[in-house]
Asker: 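If you scroll down you'll find the structure; I have some questions about it.
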Amino acid sequence: MEICIVEAKKNDAKNLLIFFKQIGSETNNLTFGKEGFGDDVEKEEKILEKYRLSQSCLLLAKNSDNKIIASSSLVISDKPRLSKKGEIGVSVLKEFWNLGIGSALLKKLICIGKEKKLYKLDLKVAQDNFSAIHLYEKLGFMKKGEEDGMLYVEGKQIKGYFYELIL
């Protein structure tokens, strides 16, 4: 299977909203559910434009049909005292799990973080997301703490872990 990793552009907004709804319905490990981020394409275009104009980035993995199959983000604060670290996230459609796509996206984010001279990358992960935890630890992320009730899904609190990678 051929995939390409690209930086999200304004014209990806509609397909990105479709992607978020699909992935939100496939897993309980995200901060959103099947509602995704709504249907407001214009709002999503503005968000993508804000990414483009900032130090942050949103990467998309697309298949040969140009369908978004995964996304990853690196969010960097514009506040000077917070601008040398980034928070990352990654999500992959269920049918593409365990094919190395998440790994490829994370490796790209790590490279971008180094290029931007960040000193560390942070992330949060649900305690029962064992595949993601394995991947993060394989790439050198270290567990730094935990949070009871990081997510609240279907009436249950889900504990989460904080991880960091010193660059």
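Any value given below was found using the heavy atoms of this structure, including those in side chains, with hydrogens, waters and symmetry copies removed. Throughout, numbering of the chain's residues begins at 1 and tracks the sequence. This is a predicted model, so every value here is computed, not measured.
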Asker: Run the ring-ring contact (aromatic ring centres under 6.0 Å, His included) test against Phe20 and tell me which residues pass, sequence neighbours left out.
Answerer: Phe32, Phe37
Asker: Taking only residues two or more places apart in sequence, or in another chain, which ones meet Phe162 in a ring-ring contact (aromatic ring centres under 6.0 Å, His included)?
Answerer: none
Asker: Which pairs pass salt bridge (charged side-chain N to carboxylate O under 4.0 Å, His left out) with one or both residues in residues 54-70, sequence neighbours excluded?
Answerer: Asp12-Lys62
Asker: Which residue pairs pass the ring-ring contact (aromatic ring centres under 6.0 Å, His included) test when at least one of the two sits in residues 95-126, sequence neighbours left out?
Answerer: none
Asker: With sequence neighbours excluded, give me every salt bridge (charged side-chain N to carboxylate O under 4.0 Å, His left out) pair touching residues 153-165.
Answerer: Lys120-Glu164, Lys144-Glu164, Glu146-Lys159, Asp148-Lys159
Asker: Which residue pairs pass the side-chain hydrogen bond (donor to acceptor under 3.5 Å, both in side chains) test when at least one of the two sits in residues 100-109, sequence neighbours left out?
Answerer: none
Asker: What distance separates Leu121 CG from Ile112 CD1, expressed to the nearest 0.5 Å?
Answerer: 10.0 Å
Asker: Closest heavy-atom contact between Ile110 and Phe141?
Answerer: CD1-CE1, 4.2 Å
Asker: In residues 127-140, what donor-acceptor pairs under 3.5 Å come from side-chain atoms, sequence neighbours left out?
Answerer:
residue, atom, partner, partner atom, Å
Asn129, OD1, Ala132, N, 3.4
Glu137, OE2, Tyr163, OH, 2.7

Asker: Do the side chains of Arg52 and Glu49 get close enough for a salt bridge, i.e. N-O under 4.0 angstrom?
Answerer: yes
Asker: Which heavy atom in Ser72 sits nearest to a heavy atom in Val90, and how many Å separate them?
Answerer: CB-CG2, 4.0 Å
Asker: Checking side-chain contact (heavy atoms from CB on, under 4.5 Å) for the pair Leu60/Leu105: CA distance, chi angles, key distance, verdict?
Answerer: CA-CA 8 Å; Leu60 305 176; Leu105 286 166; over 6 Å; no
Asker: Give the minimum heavy-atom separation between Ile101 and Ala61, together with the two atoms involved.
Answerer: CG2-CB, 3.9 Å
Asker: Got Val6 and Leu59 here, is their nearest side-chain heavy-atom distance under 4.5 Å?
Answerer: no
Asker: Minimum heavy-atom separation for Gly86 to Leu118, with atom names?
Answerer: N-CD1, 4.0 Å
Asker: Kindly state each residue pair satisfying side-chain hydrogen bond (donor to acceptor under 3.5 Å, both in side chains) with at least one member in residues 32-45, sequence neighbours excluded.
Answerer: Lys21-Asp39
Asker: Would you mind reporting whether Phe19 and Ile69 have side-chain heavy atoms less than 4.5 Å apart?
Answerer: no
Asker: If a pair satisfies ring-ring contact (aromatic ring centres under 6.0 Å, His included) and one of its residues is in residues 57-83, list it, with sequence neighbours excluded.
Answerer: none
Asker: Would you compute the distance between atom CG of Asn15 and atom CD1 of Ile68 and round it to the nearest 0.5 angstrom?
Answerer: 5.0 Å
Asker: Testing the basics here: between Leu48 and Ala8, what is the closest heavy-atom pair and its distance to 0.1 Å?
Answerer: CD2-CB, 3.8 Å
Asker: Can you measure from CG (Leu99) to CD1 (Ile3) and round to the nearest 0.5 angstrom?
Answerer: 9.0 Å
Asker: Clusters formed by hydrophobic residues whose side-chain heavy atoms approach within less than 4.5 Å: which one holds Leu151, and what are its other members?
Answerer: Met150, Val153, Ile158
Asker: With sequence neighbours excluded, give me every side-chain hydrogen bond (donor to acceptor under 3.5 Å, both in side chains) pair touching residues 82-94.
Answerer: Ser71-Ser91
Asker: Please report the shortest heavy-atom distance between Ile76 and Ser56, naming the atom on each side.
Answerer: N-OG, 2.8 Å
Asker: So how far is it from Asn11 CG to Leu16 CG, rounded to the nearest 0.5 Å?
Answerer: 11.0 Å
Asker: List for me each residue that meets side-chain hydrogen bond (donor to acceptor under 3.5 Å, both in side chains) alongside Glu7, sequence neighbours excluded, and say none if there are none.
Answerer: none
Asker: Atom CG of Leu58 and atom CD1 of Ile47: how far apart are they, to the nearest 0.5 Å?
Answerer: 10.0 Å
